Amino acid sequence: MPLDLYNTLNRRKERFEPLSPDHVGMYVCGPTVYDTAHIGNARPVVVFDVLYRLLKRLYGSVTYVRNITDVDDKIIDRSRSSGESIEALTERTTRLYHADMGALNALAPDIEPRATHHIAHMIAIIQRLVDEGHAYAADGHVLFSVPSMPDYGQLSRRSVDELLAGARIDVAPYKRDPQDFVLWKPSTAEMPGWDSPWGRGRPGWHIECSAMAKEHLGVTFDIHGGGLDLIFPHHENEIAQSRCAHSGAPLARYWVHNGFVTVEGEKMSKTLGNFFTVHDLLGEYPGEAIRLTLLSTHYRQPLDFTRDGLKTAKGNLDRWYQALRSDPVPAETELPFAVLAALEDDLNTPLAITHLHELAAAVNKAHTPEEKAKAKGCLLAAGRALGLLEQEPEAWFRWAVKDAALLAEAEIEQLIADRKAARQAKDFAEADRIRKHLLDQGIVLEDGAQGTTWKRG
RNA sequence: GGCGCGGUGGCAGAGUGGUGAUGCAGCGGACUGCAAAUCCGUGUACGUGGGUUCGAUUCCCGCCCGUGCCUCCA
């Protein structure tokens with residue numbers, strides 16, 4: 001079962017071959033915990049969750065590492081402006097992040113290292129870089145010397161000259177070269193800081209990932225993922241640090257990047273007021289609908305996140321759960337080949353989703369109970385491969401918008417019974433009145449061969 | 001200025017050198033007391049100008065339009 005992945009390093013789809021035939025190591029850049037996760041933060045989480053599930057299926061053993069950046073100037077700034085302590089802020093934000101991503105059915109990574117727990121490892125790498133002549137101390141900072149690495153810029157395909165031509169760099173006076181970037185910077189007394197050979201300070205952004213990846217996955221590992229925007233400078237600098245500290249050994253063999261998210265055609269921004277947080281969206285739509293929306297576009301394509309898209313995704317899930325509803329109870333079967341093939345082709349989730357539609361149609365068209373059960377099992381397996389259809393169908397149809405005034409289920413059942421009696425007495429006006437009454441409260445009735453079922457619209 | 005990505009039917013969104021996915025929306029039909037759900041049928045597409053080819057939406061070149069990154073934004 002070959003897996004092909006688009007490797008940013010070579011800008012083409014490549015056959016994936018792990019370093020070890022029965023184990024895969026994957027590192028994905030995680031959140032800086034200073035604010036609530038927005039829909040753009042959720043895309044890589046969901047995309048790499050699908051990849052994680054697929055890798056586990058194909059190789060059995062996977063070590064998935066996703067870090068928590070809990071030391072950063074944005075955190076310091078936020079703490080200062082809000083008055084909340086850094087520790088409380090990062091703890092609270094991390095908890096919320098876990099809850100939000102869990103609601104999107106994202107599995108927890110195997111290891112979730114925190115930057116503040118790896119300061120010693122960062123210092124060790126920096127020391128090594130200084131010793132090897134790839135970094136230098138200046139004015140309380142330690143900087144990586146970009147000119148010391150002849151093939152710097154391979155991932156982002158930028159030459160040193162091009163970078164200089166960009167010329168939007170605000171050159172700090174202590175830099176030997178404008179491209180040099182910070183590995184360590186000094187902290188004032190009230191800032192978080194750690195003792196180091198260069199004085200009390202804190203790490204630069206890029207070094208965190210180098211240290212945590214090395215610690216948990218080794219010098220060279222299989223897959224490194226993240227958002228497209230991280231290619232430069234973050235991943236480029238990560239590669240520079242790690243390779244120069246490890247005698248030139250490659251960092252990751254496959255670099256996988258997801259595309260950006262826009263909202264209703266606009267780039268997300270707080271001034272435009274189109275900043276959707278996952279937490280808020282979860283009050284309006286089930287997590288699986290948000291997840292499906294994120295998977296409905298290929299991961300490398302730009303994704304325009306819209307309310308219409310959410311509505312469509314919710315409708316698709318209604319259709320699939322409807323197919324799974326009622327007897328016979330589905331039992332997950334083997335993953336249908338077409339779905340597996342779609343996922344193995346560079347994670348073609350939109351194509352996999354079309355197969356889910358076909359599988360749902362097969363359930364509805366099945367003639368015998370045996371056929372139906374088998375078809376349901378296939379649909380379920382296909383959904384689960386995408387991290388969808390993980391709920392009981394009845395629970396899905398009872399989901400309600402947050403804070404809605406809900407009609408009690410017992411009351412709904414009573415009204416359905418009343419309507420049944422009216423229908424049996426051929427009092428259709430009364431039956432329709434009850435149905436309308438329920439519809440006005442968001443309850444949709446469906447009269448089937450096995451009786452009347454209801455769902456929240 | 002540099003590096004990069006994309007333009008597919010009313011909408012969303014795959015894919016392919018030659019039988020025009022899939023879903024939503026629309027239309028017609030079956031089923032239903034009427035609906036809903038489901039099933040059956042149905043129309044509309046590949047930014048633009050060249051080139052390669054027996055044949056291009058698919059490969060190559062130009063152009064137009066949109067868009068991302070260029071030191072800490074996923």
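This structure is a prediction, so every number in the text was calculated from the model and none was measured. To find a chain, count down the sequence lines: A is the first, B the second, and so on, and within it residues start at 1.
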Is it true that A/Y254 and A/H224 have ring centroids separated by less than 6.0 Å?
no
Considering only heavy side-chain atoms of A/P350, the closest of B/G33, B/G13, B/A36 is B/G13
Quick test of your reading of the model: are A/K436 and A/D440 salt-bridged, counting only N-O distances below 4.0 Å?
yes
Could you measure between the two P atoms, the one in B/G15 and the one in B/U22, and give it in whole Å?
15 Å
Nearest of B/C72, B/A21, B/C39 to any side-chain atom of A/V182?
B/C72
Identify which nucleotide among B/C69, B/C34, B/U71 has an atom closest to any side-chain atom of A/D229, counting heavy atoms from C-beta outward.
B/C69
Test log, rule side chain to side chain contact (heavy atoms under 4.5 Å, CB included), inputs A/L388 and A/R384:
CA-CA 5 Å; A/L388 299 168; A/R384 300 267 164 99; over 6 Å; no
Is a donor-acceptor pair below 3.5 Å formed from side chain A/N348 to base B/G15, judging by atom type as modelled?
no
Interatomic distance where NE2 belongs to A/H234 and C1' belongs to B/U71 [whole Å]
11 Å
Any strand: nucleotide that pairs with B/U19 via Watson-Crick or wobble, under 3.5 Å
none
Is A/F260 stacked on the base of B/G68, with ring centres under 5.5 Å apart and planes under 30° apart?
no
NZ (A/K185) with more than 12 external heavy atoms under 6.0 Å:
yes
A/N364 vs B/U38: side-chain N/O to OP1/OP2 distance below 4.0 Å
no
Which is more 5' along RNA chain B, the nucleotide nearest A/F428 or the one nearest A/C29? Just name the residue.
A/F428
State plainly whether the residues A/R114 and A/D70 are in salt-bridge range, i.e. N to O under 4.0 Å.
yes
Nearest-nucleotide wise, let me know which of A/A360 and A/H298 is further upstream toward the 5' end of RNA chain B.
A/H298
My understanding is that a pair needs two contacts under 3.5 Å, Watson-Crick or G-U wobble. By that rule, which nucleotide pairs with B/G26?
B/U42
Look at the side chain of A/R300 against the base of B/C5 and say whether a donor-acceptor pair falls under 3.5 Å; ignore hydrogens and angles.
no
Check: A/R11 side chain, B/G4 base, donor-acceptor under 3.5 Å
no
Heavy-atom donor-acceptor pair, A/R435 side-chain to B/A35 base, under 3.5 Å:
yes
Sort out the partner of B/G1 for me: Watson-Crick or G-U wobble, both distances under 3.5 Å, none otherwise.
B/C70
A/T354 side-chain proximity, nearest of B/A74, B/C24, B/A21
B/A21
Which nucleotide in the set B/C39, B/A74, B/A36 lies at the smallest distance from any side-chain heavy atom of A/R319?
B/C39
Rounded off to whole Å, could you give me the CG-to-C1' distance for the A/L230 and B/C70 pair?
14 Å
Can you check the A/K455 NZ to B/A35 C1' distance for me, whole Å?
12 Å
Determine the interatomic distance between P on B/C63 and the same-named atom on B/C3; round to the nearest Å.
14 Å
Please determine if A/R419 and A/D447 form a salt bridge, counting it only when a charged side-chain N lies under 4.0 Å from a carboxylate O.
yes
